[in-house]
There are 2 protein chains.
Amino acid sequence: MTESSSSPQPRRSDTTRNAILAAARERFAADGYERATIRAIAKDARIDPSMVMRYYGNKEGLFAAAVSVDLELPDLTALPRQDAGPALVTHFLRMWEDNDVLTALLRVGATNEAGAERMQGIFRDQVLPVTRAVCPDPEQVPTRAALVATQLLGLALTRYVLRLPAAVALHPREVVAWLGPAVQRYLTAPSP
Amino acid sequence: MTESSSSPQPRRSDTTRNAILAAARERFAADGYERATIRAIAKDARIDPSMVMRYYGNKEGLFAAAVSVDLELPDLTALPRQDAGPALVTHFLRMWEDNDVLTALLRVGATNEAGAERMQGIFRDQVLPVTRAVCPDPEQVPTRAALVATQLLGLALTRYVLRLPAAVALHPREVVAWLGPAVQRYLTAPSP
DNA sequence: AGTGTAGGCCAACACGTGTTGACCCTTGCG
DNA sequence: CGCAAGGGTCAACACGTGTTGGCCTACACT
């Protein structure tokens with residue numbers, strides 16, 4: 001029970017709110033924005049659809065509340081520079097494996113303009129800074145970060161969204177062993 | 001009753017059919033499956049929505065007819081083995097730049113189960129064989145093809161769907177220079 | 001010419017959606 | 001106890017969707 005951190009008193013309805021958010025995350029991740037209906041989410045949360053509106057205003061508000069992403073990216077300056085790539089891949093893999101939100105965001109980002117913008121924001125606010133810490137030439141930071149995103153989001157897409165069998169079958173160890181060096185190269189290798 | 005199916009006479013309605021398909025491709029690419037409405041497609045084609053049903057049965061049939069993908073992958077055995085990666089990247093880049101269908105398919109694949117299955121089919125029927133021609137160990141073919149897909153689809157996702165500014169800004173030459181070696185490594189480098 | 005058939009439009013149906021407002025029930029406090 | 005306030009439900013609205021069937025029109029063939 002958290003009471004003094006930001007919201008003064010725990011409301012009696014918090015469990016319902018959380019149930020709604022959990023159900024919303026699941027359905028957005030599974031179905032995307034349009035096909036995840038408020039009625040279905042409410043049903044999952046064992047609640048009336050109108051409660052969703054009461055608490056979150058409208059569908060967009062629900063999505064905004066349900067999908068807030070903190071990649072918790074590690075501080076890459078803390079380890080040897082040539083380990084950054086594998087470390088990033090490892091972190092992403094674990095993050096995606098047990099986090100509906102990321103799949104939801106990717107699915108929605110692929111169809112919904114607002115979703116795409118949100119992903120751009122995450123890239124700008126979370127990926128770029130971390131890249132900046134590792135990459136020598138500041139001018140190359142956006143390019144290199146974009147290349148990294150290319151590879152990591154491609155992994156997420158094929159493995160968690162499209163579910164290409166061959167991509168799903170990869171053992172996490174294999175993924176790190178293969179993608180780690182590739183990402184490392186995007187981060188620190190001299191421009192070709 | 002009518003003519004044979006192999007090379008029938010050009011029907012009077014072919015221009016309409018093509019207009020519908022073109023409009024469908026555009027809208028599916030721009031909006032994804034659910035938000036691309038038959039009414040909107042019909043309007044673009046300057047036609048009544050019911051014509052779409054007459055010619056393609058239902059929305060799913062329209063999608064199936066509109067999105068038929070031939071990647072026209074080059075024969076990688078025709079060039080030096082170490083050029084396969086850059087050649088693949090170059091080909092994909094050109095393919096995506098002027099082909100709505102691919103973006104449409106990716107968008108739909110991200111939300112729609114049927115779309116995802118279609119992408120799996122393309123991977124199986126078109127990407128796997130080409131990889132097989134280049135990759136020495138047959139047992140590794142699925143893995144390596146999946147890795148390639150990871151990188152190439154990641155590029156398409158960030159550049160054409162999410163439109164991350166830094167990914168859009170990359171000059172095609174840069175893309176090839178950076179991704180070419182990465183793809184090459186996935187194809188032919190010894191397993192790590 | 002006449003006529004059958006394919007091309008095309010219109011209006012409507014059934015349904016599912018997001019959203020709303022009126023109405024209960026429980027809780028906590030005076 | 002009484003009673004306000006918030007948590008929760010019900011039924012309905014307005015709208016957009018995929019889809020259907022009836023009707024009109026213009027061409028092609030005999």
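Throughout, a chain's letter reflects where its sequence line sits, starting with A, and its residues are numbered from 1. Every value quoted in this text rests on a predicted model; they were computed, and no experiment measured them.
- Side-chain atoms of B:Ser68 never come within 3.5 Å of backbone atoms of B:Ala64 as a donor-acceptor pair (strictly under, hydrogens ignored).
- Atom pair B:Arg35:CZ and D:dG16:C1' shows a separation of 14 Å (rounding to whole Å applied).
- In this structure, A:Glu34 atom CD and D:dG18 atom P are separated by 12 Å, rounded to whole Å.
- Ring orientation note: the planes of A:Trp178 and B:Tyr186 are nearly perpendicular, at an angle over 60° on the 30°/60° scale.
- Defined by atom type and a distance below 3.5 Å, a donor-acceptor pair is present between the side-chain atoms of A:Ser191 and A:Gln140.
- Distance A:Lys43 NZ to C:dG16 P: 12 Å, rounded to the nearest Å.
- When the P atom of D:dG7 is taken as reference, atom CD1 of A:Ile20 falls 11 Å away, rounded to whole Å.
- In summary, the side chains of B:Tyr33 and A:Glu34 do not present any donor paired with an acceptor at a separation below 3.5 Å, with no hydrogens or angles considered.
- Taking 3.5 Å as the limit, the base of D:dG18 and the side chain of B:Arg39 contain a donor-acceptor pair of atoms between them.
- Checked against C:dT19, C:dG8, D:dT19, the side chain of B:Ile38 finds its nearest nucleotide in D:dT19.
- Phosphate contact (OP1/OP2 of D:dG7, side-chain N/O of A:Thr16, threshold under 4.0 Å): absent.
- Salt bridge annotation for B:Arg163-A:Glu117: absent, with no cationic side-chain nitrogen under 4.0 angstrom from a carboxylate oxygen.
- DNA chain C lies under 4.0 Å from at least one heavy atom of each of the following residues of residues 46-67 of chain A: A:Ser50, A:Met53, A:Asn58, A:Lys59.
- Among B:Gln126, B:Met95, B:Arg94, the single residue meeting the side-chain contact (heavy atoms from CB on, under 4.5 Å) criterion with B:Glu72 is B:Met95.
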